Amino acid sequence: MRIRITHQRITIALQLILLTEAVFAVLGQRWFTAFLTSMIIAITFFPVLFERRFRIHIPPELQLAAIGFVFASLFLGEIRDYYTRFWWWDMALHTTSGFLLGILGFLLVHIMNETEKLQMHLKPGFVALFAFMFALGIGALWEIFEFTMDSLFGMNMQKPMLGDPSGLTDTMWDLIVDAIGALIISTLGWRYLKNPNQASFLERWIDAFIERNPRFFRR
């Protein structure tokens with residue numbers, strides 16, 4: 001209970017920071033910043049709405065990780081211009097997205113594997129492979145989205161990097177660090193399925209998810 005309260009307080013603190021930014025943006029007539037910040041605030045409520053709508057209880061650690069990622073990528077990255085100020089910011093976030101998408105992919109296939117209605121009996125190696133390919137696939141779709149936005153609307157989502165103004169180097173490094181993050185999570189997930197008693201942050205998060213959603217898993 002104490003851990004959940006701590007995570008809720010951190011989430012509220014991030015939301016208050018965003019709300020303050022939105023208010024100052026409106027006062028300063030920076031309408032795009034105000035709109036984007038408002039959208040970020042709305043996104044931070046998605047885990048709670050998702051939990052209530054689909055009755056899937058998300059552990060507070062996962063909720064905070066997702067909200068923190070949105071805060072770091074959209075607020076700090078886009079509004080505070082961290083992508084330009086810190087060359088490693090984009091790579092760090094893409095590695096993190098590989099982690100989070102890998103966890104999501106692992107949980108999706110793990111639920112299907114354990115749900116009696118589907119009669120799936122996938123081996124740990126395939127579950128880990130699915131998690132890896134799921135994360136990498138979403139990462140590739142995001143790069144296509146960035147290319148489309150740059151081509152059609154003249155945006156600068158694919159930024160110059162390491163002397164390459166075309167954005168190709170940025171795209172490739174994004175995919176590489178996506179793959180590294182997804183590979184780490186897939187390996188930990190495979191280890192969990194082979195030996196559930198192993199102890200790491202991923203195992204603890206998976207156990208917390210299973211404990212809070214027993215209807216998806218055989219007991």
Side-chain angles (χ1 to χ4, degrees), residues 4-54 58 60-101 103-104 135 137-178 181:
R4 187 174 185 85
I5 292 175
T6 300
H7 286 77
Q8 288 175 343
R9 287 177 177 173
I10 296 174
T11 299
I12 292 173
L14 295 178
Q15 290 170 336
L16 288 175
I17 293 173
L18 293 169
L19 180 60
T20 302
E21 176 69 24
V23 170
F24 278 105
V26 170
L27 294 176
Q29 297 184 350
R30 293 179 286 121
W31 305 118
F32 178 75
T33 299
F35 171 76
L36 182 57
T37 307
S38 300
M39 291 299 298
I40 299 171
I41 294 173
I43 292 173
T44 62
F45 286 100
F46 278 12
V48 175
L49 298 176
F50 182 85
E51 190 170 352
R52 292 180 178 177
R53 174 64 178 83
F54 297 101
I58 305 172
E61 297 90 346
L62 280 175
Q63 292 189 34
L64 182 59
I67 291 172
F69 177 79
V70 171
F71 182 86
S73 59
L74 296 181
F75 178 69
L76 295 179
E78 296 292 345
I79 295 177
R80 292 299 182 182
D81 204 26
Y82 274 34
Y83 289 126
T84 303
R85 294 167 61 184
F86 305 104
W87 65 268
W88 47 266
W89 191 257
D90 189 41
M91 295 177 65
L93 287 177
H94 273 278
T95 305
T96 304
S97 71
F99 281 129
L100 294 176
L101 290 171
I103 293 172
L104 177 60
I138 298 297
L141 289 175
W142 176 256
E143 296 304 321
I144 293 174
F145 171 77
E146 287 188 347
F147 174 77
T148 302
M149 292 297 101
D150 289 353
S151 300
L152 296 181
F153 302 105
M155 300 180 68
N156 187 34
M157 299 187 73
Q158 294 178 302
K159 296 175 173 59
M161 184 180 185
L162 300 177
D164 177 13
S166 69
L168 176 61
T169 300
D170 174 60
T171 297
M172 292 310 302
W173 272 110
D174 287 348
L175 291 174
I176 290 171
V177 295
D178 279 341

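Not measured: the values here are computed from a predicted model.
- Applying the ring-ring contact (aromatic ring centres under 6.0 Å, His included) test to Trp88 and every residue at least two apart in sequence or in another chain returns Phe86.
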Side chains of residues 21-33: which donor-acceptor partners sit under 3.5 Å, not counting sequence neighbours?
unit_1 : atom_1 : unit_2 : atom_2 : d
Glu21  : OE1    : Arg80  : NH2    : 2.7

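- Under the side chain to side chain donor-acceptor pair (under 3.5 Å) criterion, Thr169 pairs with Asp164, not counting sequence neighbours.
- Residues forming a side chain to side chain donor-acceptor pair (under 3.5 Å) with Trp89 (at least two apart in sequence, or on another chain): none.
- Taking CD1 of Ile40 as the start and CG of Leu18 as the end, the distance is 6.0 Å to the nearest 0.5 Å.
- Put simply, CH2 on Trp173 and NE2 on His94 are 13.0 Å apart, with the number rounded to the nearest 0.5 Å.
- Within the structure, the salt bridge (charged side-chain N to carboxylate O under 4.0 Å, His left out) test picks out no pair touching residues 82-96 (sequence neighbours left out).
- In this structure Thr20 satisfies the side chain to side chain donor-acceptor pair (under 3.5 Å) test with no other residue, sequence neighbours excluded.
- Taking the side chain as every heavy atom from C-beta outward, Thr44 and Leu14 never approach each other to under 4.5 Å.
- Side-chain contact between Glu143 and Glu146: present, with at least one pair of heavy atoms (C-beta onward) separated by less than 4.5 Å.
- At a threshold of 4.5 Å between non-hydrogen side-chain atoms, the residues Thr171 and Phe147 do not count as touching.
- By the neighbour-count criterion of 12 heavy atoms within 6.0 Å, atom CE of Met149 is densely surrounded, having more than that number from other residues, nucleotides or ligands.
- A donor-acceptor distance shorter than 3.5 angstrom exists from the side chain of Tyr83 to the backbone of Ser73, with no hydrogens or angles considered.
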